[in-house]
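Read the structure below first, then the notes.
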Amino acid sequence: MPAVSKGDGMRGLAVFISDIRNCKSKEAEIKRINKELANIRSKFKGDKALDGYSKKKYVCKLLFIFLLGHDIDFGHMEAVNLLSSNKYTEKQIGYLFISVLVNSNSDLISLINNAIKNDLSSRNPTFMNLALHCIANVGSREMAEAFAAEVPRILVAGDTMDSVKQSAALCLLRLNRTSPDLVPMGEWTTRVVHLLNDQHLGVVTAATSLITTLAQKSPEDFKTSVSLAVARLSRIVSSASTDLQDYTYYFVAAPWLSVKLLRLLQCYPPPEDGAIRGRLTECLETILNKAQEPPKSKKVQHSNAKNAVLFEAISLIIHHDSEPTLLVRACNQLGQFLQHRETNLRYLALESMCTLASSEFSHEAVKTHIETVINALKSERDVSVRQRAVDLLYAMCDRSNAKQIVAEMLSYLETADYSIREEIVLKVAILAEKYAVDYTWYVDTILNLIRFAGDYVSDEVWYRVIQIVINRDEVQGYAAKTVFEALQAPACHENLVKVGGYILGEFGNLIAGDSRSSPLIQFDLLHSKFHLCSVPTRALLLSAYIKFINLFPEAKGTIQEVLRSDSQLRNADVELQQRAVEYLRLSCIASTDILATVLEEMPPFPERESSILAKLKRKKGPGNLHPDLDENRKERSVNGGTADHSSTTSNAKVLLLSCVYLLEPPIPFLSGVYISYFSMLVFASPTTSTDLLGLGSTIATQNSASKGASLLVDVFSGNTAAFPVETPVAVGPVADENFSRFVCKNNGVLYENQLLQIGLKSEFRQNLGRMYVFFGNKTSTQFMNFAASVPADPTVDGGAQLQQILNIECVSDFVDAPVLNIQFRYGGTLQNIAVKLPITLNKFFQPTEMTSLDFFQRWKQLGAPQQEVQNIFKARHSMDTEVTKAKIMGFGAALLDGVDPNPFNFVGAGVIHTKTTQVGCLLRLEPNTQAQMYRLTLRTSRDTVSQRLCDLLSEQF
């Protein structure tokens, strides 16, 4: 209830509340309320005009009755009349009643709006605050239409008091959230940014919340807020707790404002201005340093405020993904929280490290905490923390630790909570396949999965192990022997029977030479499981039996007796009955040659991605986009060629290759680069059908593949339904703000606005590359008619992600990068976006180790004037030695230590690989820390390559 003066205590209201509290039953309460409602109604309808005090008292009683859960159908007009009072308490009760009880469709809205306009123009700060609070609380479209232009004017007016500015900023934030299309972007947008410099920190806090929301909607309009936010943040983190006494919370200076400023900075890429970027780096370093200081208070509020700022700073470091030193420090700080006694801190640390693990700068630092994470998996009491530990193990896994992580996950699986077992199974299956050097280990891992958690092993998992065994001759015998031994256990899970039936039916002959696994023993072992299985598994076993007749003629009579039995020929299930009849007839009338032809061994499957990754994504649900090589959802193929009518730009030298569907003639992807669509059924080109990078080409399973029948079609046949493709139209200016960030790195967020986020992860080897493009729908609304320069699903659900994979081949050296055009409909409006793909010449750089003698001998050989390019330039970023080394190695060159006589210089060497030629390259970077200058010299055997590499590398320092 509103605060009132001592002489204005509304004794009647206090008596009524006391009566309600003293009621002994619900019936007595209702009786007392009905009596009061009748009294209030009679007072409002009486001829005698009520004074302001009486109206306020009765309106308060109605509000109290409504809060008790009873409907109120009168008194609204009296509440509106209170708005015209000049007394604060009466006006406050009127606004409170309207905020709680008045519907946005009420006939009184026009009267309320007039009263609000009068208060907003009164210049009385108390009345203006009440009006602004009412607008924000109601937040209806009618309110937005009436005041969307007035509120920004009040916010930026020079004579507006600080308390009113706070209310105006928060009111505008509310209107923008409820009716964003009605909030105009005008001159006030540039002025509201300067509120970040306001002396009153309450105004700055409210303005930061508003600017953050508006920046997500129109980032360009609020780009100038970055420098002001950095300046304000710098003043806060460098101040002592006594400097901001009114905004210091348990010895932490302005923690809420700090968090909001850090979130605002996450709406933008790292500042391009070196001074601003350096100042921001200092702020982040200061926050990390303060986290290491002893706590100034033992109270939990102090640690909560301190850690809130720290975690938001780490989120900003991860978002920028450009400062290796900060990323490693953030990782180390999070590692300290992994063993903290506070459960929430352990959870947040694990969650943040999952994101850090995807950064190439901090991945190795995250791996150093593997033992701590494994211990958390085993000993943590909270299931949500254990689940985050599983996620982190999955994220930090690579070839060096895959066997250890998979083994720990399998061990934990036996005692894991039922709610996360299926997810663990999927992750183990993915990791085992991705990092399997020895496929016997992969087979053992999948069979252990079935043993430990057979009920949670989905069809996608056992489909995939069959596909891999069929495609790899070296593991077929081992797989047959292993499943045969596993089936001898007294109790086998049905999924193990499925795998055993399929593999023994195909490759049982490879172990039939051993008397312990003779054909009849194999058959008897499988048939002993027959009566325990479901109908689909029995159908698979019948198919295995007919395969046995082809593999083992000596078992033909025994198998025919089984097929001829009444339990098969007269089976109640029509599928089993039909299979038994047809297989029996086939075995009787077909000759040996015909039988061998019909029942020949399954041919290798086209290299494709299984449905496991898509299933894991569905299991995890929609979320923010984090590019990951594992989470493949759609793969398309792009086959490049040079068109006669194209311009002669060097883009034509980059071909985007892959394997997809034959739908229509090629369409231009860029000048001289084309997209073609090929059917998997007629795909015969050995060049494009080969896995170019050894990463496993993928063909995505359709969404309908989640059902068992469609999955069988997907895995056990080559038929693939083609997607309809809509050719995108030409779009506006090409977005290349983040392009330079990818010159020395291969993964991150390439483009982001309020609707769409585009992430990349890529790998390159010699003249070949593979790029994973992730499209993330950041809204809750479905994108319709989604189309890109390569074919895509026509719809992208709200909060969902779509992935495409581009295989790339460098034919010759080039300058311009290809452009990815995206087109979709959002809310009925056609959206066109063009983004420059970070495919640069240095991506095809292979490092070369050289001795000092070899380097300078080769340096002299490349001494022709046209072979050398030199650039002297001002340093744009801090001249940090470790960062410089990381960038040169990220550029692709081998960093040669001890070659240059000056130990402060950096020397590198490598070879640019194209389809037809190889271009050797030597580079030398000479920093001058006093002058803050660099001299970069490159020598290659081709002048165009020297110039392009010099231009690309100069932009990084």
Side-chain angles (χ1 to χ4, degrees), residues 425-426 428-434 436 438-451 453-454 456-487 492-511 522 525-526 529 533-534 536-548 550-551 599-616 680 696-701 705-720:
V425 166
L426 292 173
V428 169
I430 292 167
L431 295 178
E433 178 187 345
K434 181 178 180 182
D438 179 4
Y439 277 95
T440 59
W441 171 74
Y442 170 74
V443 171
D444 290 337
T445 299
I446 300 301
L447 292 181
N448 284 331
L449 271 183
I450 297 175
R451 288 195 193 100
Y456 300 92
V457 175
S458 60
D459 288 342
E460 290 88 346
V461 175
W462 75 266
Y463 290 165
R464 187 58 175 162
V465 70
I466 287 173
Q467 180 182 344
I468 288 176
V469 169
I470 286 177
N471 284 14
R472 288 164 177 81
D473 296 340
E474 69 275 10
V475 79
Q476 291 167 357
Y478 180 83
K481 178 183 177 183
T482 305
V483 295
F484 175 78
E485 293 173 350
L487 286 172
C492 294
H493 194 274
E494 190 167 334
N495 282 334
L496 183 58
V497 177
K498 292 176 183 177
V499 174
Y502 199 102
I503 291 180
L504 292 180
E506 291 292 331
F507 310 114
N509 60 308
L510 299 179
I511 61 172
Q522 290 185 44
L525 181 61
L526 283 178
K529 313 294 182 184
C533 299
S534 61
T537 306
R538 292 184 184 186
L540 187 149
L541 289 178
L542 290 177
S543 298
Y545 296 167
I546 190 66
K547 287 270 191 174
F548 271 24
N550 177 49
L551 293 176
L599 302 174
E600 66 179 345
E601 185 178 302
M602 283 290 291
F605 292 101
E607 283 296 333
R608 64 172 74 183
E609 183 76 68
S610 72
S611 304
I612 302 177
L613 293 168
K615 185 174 180 66
L616 177 61
M680 286 301 301
S697 297
T698 60
I699 297 295
T701 307
S706 59
K707 297 181 174 59
S710 352
L711 276 173
L712 280 171
V713 173
D714 172 64
V715 176
F716 294 118
S717 75
N719 297 318
T720 309

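Values reported hereafter were calculated over all heavy atoms of this structure, with side chains retained and with hydrogens, waters and symmetry mates removed. Residues take their numbers from the sequence shown, with the count starting at 1.
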Pairwise distance CZ(Arg538) to CD(Glu494) - rounded to 0.5 angstrom: 9.0 Å
Euclidean distance, Lys498 NZ relative to Leu496 CG, rounded to 0.5 Å: 11.5 Å
Qualifying residues under side-chain hydrogen bond (donor to acceptor under 3.5 Å, both in side chains), relative to Thr440, sequence neighbours excluded: Asp438
Flag side-chain contact, heavy atom, 4.5 Å: Tyr442 against Val465: yes
Distance-minimising heavy-atom pair for Leu510 and Gly477: CD1-N, 3.6 Å
Note, Leu599 side chain near Leu551 side chain (heavy atom, < 4.5 Å): no
Separation between CD of Glu601 and CG of Asn509, rounded to the nearest 0.5 Å: 7.5 Å
Rounded distance (nearest 0.5 Å) linking atom CG of Asp444 with atom OH of Tyr439: 14.5 Å
Atom of Ala544, atom of Gly501 and distance for their closest heavy-atom approach: CB-O, 3.4 Å
Side-chain (Asn495) to main-chain (Gly454) donor-acceptor, under 3.5 angstrom: yes
Closest non-hydrogen atom pair, Ala486 against Cys492: O-SG, 3.5 Å
For Glu506, salt bridge (Lys or Arg N to Asp or Glu O under 4.0 Å) partners two or more places apart: Lys547
Side-chain heavy-atom pair Ile511, Gln522 within 4.5 angstrom cut-off: yes
Contact check, side chains of Phe548 and Leu526, non-hydrogen atoms, under 4.5 Å: yes
Closest approach of Val475 to Val469 (non-hydrogen atoms, all atoms of both residues): CG1-CA, 4.0 Å
Nearest-0.5 Å distance that lies between atom CG in Asp459 and atom CZ in Arg464: 15.0 Å
Pairing residues for Phe507 by the ring-ring contact (aromatic ring centres under 6.0 Å, His included) criterion, not counting sequence neighbours: none
Non-hydrogen side-chain atoms of Asn448 and Arg451 separated by less than 4.5 Å: yes
Side chain to side chain, Leu504 and Leu487, heavy atoms closer than 4.5 Å: yes
Atom of Ser458, atom of Leu426 and distance for their closest heavy-atom approach: OG-CD2, 3.9 Å
Over 12 non-hydrogen atoms of neighbours within 6.0 angstrom of NZ in Lys529: yes
Residue pair Tyr502 / Leu540: nearest heavy atoms and the distance that separates them: N-CD2, 3.7 Å
